[in-house]
Structure formats: C-alpha cells, structure tokens
Amino acid sequence: DVTVVVFPFVKAARKSPEQYGQEICEYLQQNAPIVSAFNVIKGFLNLSIATDYWVSQLNNINKEETFGTKNADKNAPLTMIEYSSPNTNKPLHLGHIRNNLLGYSLSEIEKAVGNNVVKTNIVNDRGIHICKSMLAWQKWGNGETPQSSGMKGDHLVGKYYVVFDKEYKAEISQLISQGQTEEDAKRNAPLILEAQEMLRQWEAGNETVVSLWQEMNSWVYAGFDQTYKALGVNFDCIYYESETYLLGKNKVEEGLAKGVFYKREDGSVWADLTPDGLDEKLLLRSDGTSVYMTQDIGTAALRFEKYPIDKMVYVVGNEQNYHFQVLSILLDKLGFKWGKDLVHFSYGMVELPEGKMKSREGTVVDADDLIKEMIDTAREVSQELGKLDGCTTEEAENIVRMVGLGALKYFILKVDPRKNMTFNPKESIDFNGNTGPFIQYTHARIKSVLRKGAEQGIALPESADKSAVLNEKETALIQLVAEFPVIVKQAADECSPAVIANYTYELVKEYNQFYHDFSILKEENTTVRDMRLLLSINVAKVIKTAMGLLGIEVPERM
RNA sequence: GGUCCGGUAGCUCAGCUGGAUAGAGCAACGCCCUUCUAAGGCGUGGGUCUUGAGUUCGAAUCUCAACCGGAUCACCA
C-alpha cells in the first residue's frame with residue numbers, strides 16, 4: 001500500500017531546515033502509518049542540513065550592495081503617484097500627514113522594486129473655500145500678513161477661514177430668529193452671497209480679487225513648504241487646480257459629441273452609470289462650469305499626455321471610494337485605455353477617541369503642532385536619560401528631530417493603511433516598545449558596537465568563516481535578514497508600508513535578544529566574533545534601508 | 001434604503017492566499033545595569049478572535065446570515 005502525504009509547504013520559507021524537518025517528521029509520526037517513508041525522509045533531511053548553510057546565507061546577503069533596492073533603468077515601468085492634494089484655505093492636519101507619509105513611502109517602495117516614479121500633487125487652490133478666507137481677511141484682517149503677525153502663512157489664512165465660519169454662523173442664527181428656515185438662512189446669509197460673488201469675480205479675472213488670491217495663496221505655499229520639509233516629503237511635479245480645472249471640459253464635450261454623455265434640458269451634462277450599477281453623475285453644471293469630476297478627468301488627461309505613465313496611483317482617503325470608482329469608469333468610457341487601470345490607494349481616516357476630526361469644530365490635530373510636540377518630547381526624553389550629553393547642540397538637535405519624527409511616522413505607518421486608525425492626542429506617542437525610536441535605538445546600538453570595535457583595532461570582516469558555529473538567535477536573524485527583499489516585494493504588491501514596519505520590528509526585537517544574550521566584541525573565538533560583527537552590520541543595513549523606505553532616518557547614536 | 005469597509009486582550013494593533021498552544025506594544029505586577037547604550041532584556045496575569053450556521057481532516061483566516069460601528073450615494077472639493 002502507498003499513502004501519499006501532502007504537506008503544506010506554504011510557510012516553509014520562514015523556517016529553518018531543522019525546524020521544518022522536525023515538523024515533517026512529527027507530522028509523519030502522527031499521521032502517516034509508514035515507518036519506512038518516515039525514515040527515508042528523516043535521512044534525507046539530515047543530509048540536507050549542512051552546517052555551513054546559514055553562514056553561506058549570511059555571506060550572500062553581505063554581497064548585496066543594497067537590499068531589494070535597485071536603480072531603475074530608463075525603460076522600467078513608470079508609476080505616477082498623486083498624494084497630499086491640500087486645500088489652500090487652511091493648514092495641513094493629521095489626516096494630511098497620513099496621506100503624505102503613505103504617498104512618500106509608497107513611492108520609495110515602488111522605486112525599491114525597480115520602477116520609475118513621479119511624485120505629484122494637485123493643489124486645490126481655487127473655489128469657494130478660498131474665497132471665504134479672502135473675504136474674511138478683507139473685512140476683518142486689517143492688512144495682517146505673515147510678516148506683520150509672525151504667523152506661518154497657512155495658519156494665517158486658516159485663521160480667517162475660521163473667522164468667516166464664525167461670522168457666517170452668526171448671520172444664519174440671526175436670520176433664523178427672523179423666521180427663516182435653516183436652509184434658507186444658509187443660502188441667504190449676506191456673507192455667503194458675497195463669497196459667491198467673489199468667486200464669480202475671480203473666474204471673470206477681476207484684478208483685485210485675483211491679486212489678493214495670488215498673495216494669500218503664496219503665503220499658504222510658503223507655509224506648506226515648511227511643513228513638507230519638516231515631514232521630509234517632496235514632489236517631482238505639482239499641478240494647480242486653477243490651471244487644470246477648465247481642461248476637463250473639452251474631454252466632456254468630446255464625450256458628449258460621441259454620445260457617451262447626454263445633456264439635459266437645463267444644459268447640464270451627465271453620465272448615465274446605471275448600467276454599471278451606479279447612479280447618474282453630473283459632469284458640467286447648467287451654467288457650463290466644471291465640477292470636481294470634470295477637473296480630475298482633465299488633470300488625468302494632462303498627465304498622461306506629458307508622461308508615459310504605466311500605472312497611476314491616487315493616494316486619497318477612503319471617503320472618496322465612490323469618486324474614483326466613477327472616475328475610472330468615465331475615463332474608460334472616454335476611450336482612455338488606462339482608465340480601468342488607475343489605482344485608488346484608499347487609506348483609512350485618522351480618528352480621535354471622540355470620533356472623526358472636524359475642522360469646523362476645531363477638533364483637528366494640526367500638523368505643525370504635532371511635529372513640534374513630538375520633537376519636544378524627544379528632547380525631554382533624551383535629556384532625562386542623559387543620552388546626548390557628549391554631543392554638540394547641533395548634533396543633539398538633529399538626533400532629537402530624527403527621533404521625534406521617527407516616532408510620529410512609525411506610529412502612523414505601522415498600521416494597515418486601509419484601516420481607519422485612532423490617534424489619542426492626550427496619550428502622546430510612545431518612545432518604548434513597538435515604536436520608531438525602539439528601532440532607531442537598535443541601529444544606534446549596533447553602530448556603537450562597530451565604533452567600539454574600530455577603536456579596539458578590530459577590522460570589520462568582509463565575510464564570515466564557514467567554521468563558525470551558529471546559535472539559534474543567529475540563525476533566526478540570518479533568516480530574517482535574508483527575507484528582506486521578499487518583504488519589500490510584498491509591501492509593493494500589497495501597497496502597504498505597514499508590512500515593512502512590522503517586519504523591521506520583528507527583526508529588531510530578535511536582534512535585541514541576541515544582543516542581550518551574547519557579546520560581540522568580547523567573544524574570544526575570533527571566527528564567531530567576526531561572524532557576529534558581520535551579522536550586526538547587515539542587520540543595521542536592513543534597518544536603515546527599511547526605515548528609509550518608510551521615510552524615517554536612523555541616527556548613528558542616540 | 002443601495003454599495004463598500006471594518007469588529008482579535010482593558011487600550012492601540014499584528015496575524016487573514018486555511019495548518020500546530022491566536023501574537024506584540026501600552027497599561028498592571030515582579031526580576032536583570034562593576035559586562036559592547038536599561039529608549040533594552042526576562043517573567044506573571046489578561047482571549048467565547050462580535051454572534052450563529054456551513055465547507056474542511058483542520059477555520060481568527062473561506063462561504064452565508066444576523067448584530068454593532070464607519071464611509072459613501074451633491075449643480076461641495
């Protein structure tokens with residue numbers, strides 16, 4: 001009799017031959033009544049476990065200049081990633097931070113798997129919301145500027161957006177007390193009428209309005225640049241809605257001519273998506289002006305004209321799932337072959353313990369405030385622990401900045417991007433446990449060992465000797481390090497920086513145990529010592545590379 | 001109401017392409033610095049993986065249903 005045993009090999013990659021062999025043997029003992037087969041397999045596995053297997057793995061790893069990161073050649077596929085897309089009427093907040101970090105990390109990961117990447121941004125620099133800030137500034141600003149007030153430009157403009165909202169609400173409640181319904185009051189309040197008039201003036205090219213608009217936007221851009229710089233994100237090309245919002249109209253007109261869309265009696269243009277299981281969608285208002293969707297069609301067309309894009313990724317919150325579903329179908333209907341292929345990287349919202357952030361209710365976590373708080377906390381912790389006592393102020397500040405930002409970025413990137421996440425401002429972000437600083441600390445520790453080694457005249461090894469005997473921690477570490485390129489690939493496939501974050505944590509945890517249990521420089525057997533040094537060097541390299549993919553810097557000491 | 005997403009320890013999250021005793025961190029308690037950085041390591045307690053059926057040798061993982069929570073369905077962006 002012959003019994004065929006099918007054994008799951010799926011997880012085999014993460015286990016050593018010893019572990020895996022033992023598993024197979026145990027399984028067979030329990031499940032397969034074939035003693036001879038059991039013995040054959042056992043014998044085979046014993047043969048396959050060469051003593052120098054893991055050492056040679058380590059040497060292979062060491063030969064790779066970088067881990068899973070290649071320099072893309074010109075012919076490699078081009079991925080365009082859009083992220084950030086802020087409105088220019090208020091400063092960036094925690095939601096934007098998540099968007100920015102995900103977008104940036106995603107582009108780094110795309111590069112790491114060999115693609116060319118163009119990072120882009122669409123700035124919503126026009127519309128009624130900007131007019132609200134402008135109007136409030138005109139009425140109550142007394143000519144205040146970033147220079148005169150010392151305020152960051154985006155915060156200044158945001159302040160007047162809030163002022164508008166306050167005054168607008170006051171008008172509404174007054175109108176309601178005069179007997180109007182809430183709906184009517186919202187529509188008839190003098191302030192909103194004035195803002196709408198201002199938007200019409202802007203579209204008509206009124207010089208005063210346009211120059212005010214330009215001035216206030218320039219304040220905002222200066223502010224945004226500062227925040228982007230602090231966060232360490234950047235863009236290869238930036239699109240402005242004011243320059244692209246009319247372009248979609250042509251495409252819609254073409255679609256209308258082709259009979260893809262239809263016009264209603266009042267002159268508005270619609271797409272009928274009921275065959276796709278969706279509703280009807282407005283594309284041009286009855287007065288001929290364009291809406292959000294029209295603009296996105298135009299911007300997409302513009303981008304594809306300029307770049308040979310193979311993959312277009314929109315990093316936009318999951319509240320816009322419907323929008324991108326529709327956009328994809330519309331582009332397809334218009335005959336753009338890439339319409340169906342666009343990727344909406346739909347990330348979850350950042351929520352506070354009491355619920356969603358609402359800018360109107362002032363329950364937003366401001367990006368600049370948060371960044372500053374994180375760095376301040378890092379400074380306090382460092383001082384308490386006396387970690388940076390030997391450093392110059394400049395060095396210390398740089399390290400403190402890296403650690404504070406590392407804590408913030410890792411906190412956000414370690415969770416699955418698709419899921420909503422909770423941020424509790426009262427319980428500030430931790431510096432212990434599964435955190436950015438924990439990982440940075442391990443890197444600094446390794447660097448410290450290497451420095452000490454150099455001081456003692458121990459040369460850094462080029463390769464490990466095959467006679468080195470490995471302990472369990474060491475083989476586990478080599479396995480983890482060797483796995484890194486697979487992880488990067490997986491992160492790219494799943495569009496998930498969190499995969500890299502969680503892997504790095506696992507690696508670092510393992511290294512800390514090793515570090516605690518075994519000494520490196522004090523090891524008397526130089527073969528073992530060199531192997532450990534080589535292992536440490538490679539762990540540090542992986543940490544640095546992996547954190548780099550998350551946009552997190554790692555210090556040499558901390 | 002239609003569509004989509006989620007529900008794992010007190011809290012924040014991994015694990016989900018089916019596989020062994022469901023893992024971390026935080027919080028609580030206890031231990032370890034004359035030894036390469038204690039932002040570290042070790043240990044203890046803490047679970048009906050929302051519920052119920054189904055498929056399977058085997059389900060946190062796949063299917064269906066229910067319950068709970070969120071998003072979305074604008075002549076806003």
Side-chain angles (χ1 to χ4, degrees), chain A residues 7-8 10-11 23 26-27 30-31 85-87 89 122 124 126-130 241 245 264 266-270 277-293 295-296 317-323 325-326 346 348-349 351 353 355-356 378 381-382 384-387 403 407 411 414-416 418-424 427 429-442 444-453 455-456 458 494 498-499 501-503 505-506 508-509 511-523 529 532-533 536 557-558:
Chain A
F7 197 86
V10 183
K11 304 269 177 181
E23 283 172 18
E26 280 169 11
Y27 183 87
Q30 287 163 15
N31 299 289
S85 49
N87 291 345
N89 62 326
I122 175 93
N124 302 309
R126 52 138 243 137
I128 191 74
H129 45 288
I130 285 93
E241 195 196 315
Y245 81 108
R264 285 189 185 169
D266 63 1
S268 56
V269 178
W270 296 74
L278 303 172
D279 293 326
E280 302 193 329
K281 187 76 192 173
L282 177 87
L283 295 173
L284 288 178
R285 294 192 186 99
S286 46
D287 62 4
T289 56
S290 60
V291 292
Y292 182 36
M293 188 60 75
Q295 295 157 27
D296 258 355
N318 60 16
E319 56 195 355
Q320 292 195 34
N321 285 353
Y322 182 72
H323 175 80
Q325 201 183 342
V326 173
S346 161
M349 299 289 100
E351 288 167 3
K356 217 186 154 186
V381 174
S382 290
E384 261 171 49
L385 298 171
K387 290 283 185 184
V403 173
F411 178 84
K414 78 173 173 186
V415 322
D416 186 335
R418 284 173 286 273
K419 290 187 180 174
N420 289 356
M421 65 178 292
T422 311
F423 174 75
N424 190 342
E427 298 168 18
I429 294 170
D430 249 298
F431 284 68
N432 301 320
N434 185 359
T435 64
F438 172 79
I439 292 166
Q440 291 170 321
Y441 177 69
T442 307
R445 255 179 164 181
I446 295 173
K447 289 293 175 177
S448 172
V449 171
L450 299 180
R451 275 195 303 273
K452 289 258 159 71
E455 280 168 24
Q456 292 168 27
I458 298 170
E494 294 178 18
V499 169
N502 288 317
Y503 160 82
Y505 175 63
E506 211 179 312
V508 162
K509 215 168 128 59
Y511 186 84
N512 276 332
Q513 288 168 8
F514 160 75
Y515 178 92
H516 181 265
D517 292 346
F518 305 97
S519 48
I520 299 164
L521 298 174
K522 295 203 169 73
E523 172 60 43
R529 185 196 68 194
R532 286 181 184 165
L533 274 171
S536 299
R557 70 178 76 220
M558 69 183 271

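Chain letters run A, B, ... following the sequence lines, proteins first, then strands; residues in each count from 1.
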Item to complete: For B/C29, give its Watson-Crick or G-U wobble partner with both distances under 3.5 Å, or none.
Response: B/G43
Discussion item. Closest approach to the side chain of A/Tyr505, judged atom by atom: which nucleotide of B/A77, B/U72, B/A24 is it?
Written reply: B/A24
Worksheet item: Across the strands shown, which category fits A/Asp287 at heavy-atom distances under 4.0 angstrom: base, sugar-phosphate, nothing?
Response: nothing
Worksheet entry | Side-chain N,O (A/Arg285) to OP1/OP2 (B/A77) below 4.0 Å | yes
Worksheet item: Does A/Ala407 have any side-chain contact (heavy atoms from CB on, under 4.5 Å) partners at least two apart in sequence or in another chain, and if so, which?
Response: A/Met374, A/Ile429, A/Phe431, A/Pro437
Discussion item. Holding to side-chain contact (heavy atoms from CB on, under 4.5 Å), I want the full list of residues that pass it with A/Asn321, two or more places apart in sequence or in another chain.
Written reply: A/Asn318, A/His344, A/Ser346
Fill in: Identity of whatever pairs with B/U37 - Watson-Crick or G-U, under 3.5 angstrom
none
Discussion item. Whole angstroms only, please: what is the CG-C1' distance between A/Leu278 and B/C4?
Written reply: 11 Å
Practice prompt. Tell me the partner of B/U72, counting only Watson-Crick (N1-N3 plus N6-O4 or O6-N4) or G-U wobble (N1-O2 and O6-N3) with both under 3.5 Å; none if nothing fits.
Written response: B/G2
Worksheet entry | Watson-Crick or G-U wobble partner of B/C67, both distances under 3.5 Å | B/G7
Worksheet item: Syn or anti for B/C33, taking syn as within 90° of 0?
Response: syn
Fill in: For B/G18, the Watson-Crick or wobble partner whose two distances fall under 3.5 Å
none
Discussion item. Closer than 3.5 angstrom, by distance alone: can the side chain of A/Ser290 be matched with the main-chain N or O of A/Tyr245 as a donor-acceptor pair?
Written reply: yes
Discussion item. Please classify the nucleic acid contact of A/Gln440 as base, sugar-phosphate, or nothing, using heavy-atom distances under 4.0 Å.
Written reply: nothing
Discussion item. What is the distance, to the nearest angstrom, from the CZ atom on A/Phe423 to the C1' atom on B/U12?
Written reply: 12 Å
Discussion item. For A/Arg418, is there an ion pair with A/Asp416 - N to carboxylate O distance below 4.0 angstrom?
Written reply: yes
Worksheet item: Taking the same atom, C1', in B/A14 and in B/G25, what whole-Å distance lies between them?
Response: 10 Å
Worksheet entry | Identified pairing partner of B/U12, criterion: Watson-Crick or G-U wobble below 3.5 Å | B/A24
Worksheet entry | Earlier contact from the 5' end, RNA chain B, for A/Phe411 and A/Ser519 | A/Phe411
Discussion item. Could you tell me how far B/C49 sits from B/G10 if I compare only their P atoms? Round to whole Å.
Written reply: 12 Å
Discussion item. In whole Å, I'd like the distance from the CD atom of A/Gln456 to the C1' atom of B/C36.
Written reply: 8 Å
Practice prompt. Taking A/Ser448 for its side chain and A/Ala444 for its backbone only, find out whether a donor-acceptor pair lies under 3.5 Å.
Written response: no
Worksheet item: Side chain of A/Arg532, backbone of A/Ser519: donor and acceptor closer than 3.5 Å?
Response: yes
Worksheet item: Using a distance-only test with no angle check, is there a side-chain donor-acceptor pair under 3.5 angstrom linking A/Asp296 and A/His323?
Response: yes
Worksheet, complete the sentence: Between A/Val499 and A/Glu241, whichever has its closest RNA chain B nucleotide further toward 5' is A/Val499
Worksheet entry | Base-pairing mate for B/A60 - Watson-Crick or G-U, with both contacts under 3.5 Å | none
Worksheet item: Rounded to the nearest Å, what distance is computed from the CG atom of residue A/Asp416 to the C1' atom of nucleotide B/A60?
Response: 16 Å
Discussion item. Does A/Phe518 reach a base, just sugar-phosphate, or nothing at all? Heavy atoms under 4.0 Å.
Written reply: base
Fill in: Ring-ring centroid check A/Tyr441 A/Phe438, cutoff 6.0 Å
no
Discussion item. Roughly how many Å apart are B/G30 and B/A20, using the P atom of each and rounding to a whole number?
Written reply: 35 Å
Fill in: Between B/U63 and B/G6 - P atom distance, rounded Å
11 Å
Discussion item. Taking only the P atom of each, what is the distance from B/C57 to B/A71 in whole angstrom?
Written reply: 43 Å
Worksheet item: How long is the line joining CG of A/Asn318 and P of B/G69, in whole Å?
Response: 18 Å
Practice prompt. May I ask you to verify if any side-chain N or O of A/Lys419 is less than 4.0 angstrom from the OP1 or OP2 atom of B/G70?
Written response: no
Discussion item. Rounded at 0.5 Å granularity, tell me how far CD in A/Gln295 sits from OH in A/Tyr292.
Written reply: 8.5 Å
Worksheet entry | Nearest to side-chain heavy atoms of A/Asn434, which nucleotide of B/G25, B/A14, B/C73 | B/G25
Discussion item. I need a per-nucleotide contact map over nucleotides 37-42 of chain B, read 5' to 3'. Cutoff is protein heavy atoms under 4.0 Å; write B for the base, S for backbone only, - otherwise.
Written reply: BSBSSS
Worksheet item: With a 3.5 Å cut-off and no angle check, do the side chains of A/Arg285 and A/Thr289 form a donor-acceptor pair?
Response: yes
Worksheet item: Looking only at atom C1', what distance separates B/G2 and B/G46, rounded to whole Å?
Response: 42 Å
Discussion item. In whole Å, I'd like the distance from the CG atom of A/Asn424 to the C1' atom of B/G10.
Written reply: 14 Å
Practice prompt. Can you tell me, in whole Å, how much space there is between the P of B/A24 and that of B/A66?
Written response: 37 Å
Response to the item:
Considering only heavy side-chain atoms of A/Ile520, the closest of B/A77, B/C36, B/G70 is B/C36
Worksheet entry | Side chain A/Ser286 and base B/C75 donor-acceptor under 3.5 Å | yes
Discussion item. Using atom C1' in both nucleotides, what's the gap between B/C36 and B/G45 to the nearest angstrom?
Written reply: 34 Å
Worksheet entry | A/Glu319 CD - B/G6 C1' separation (whole Å) | 16 Å
Worksheet item: B/G7 P sits how many Å from A/Met421 CE, rounded?
Response: 15 Å
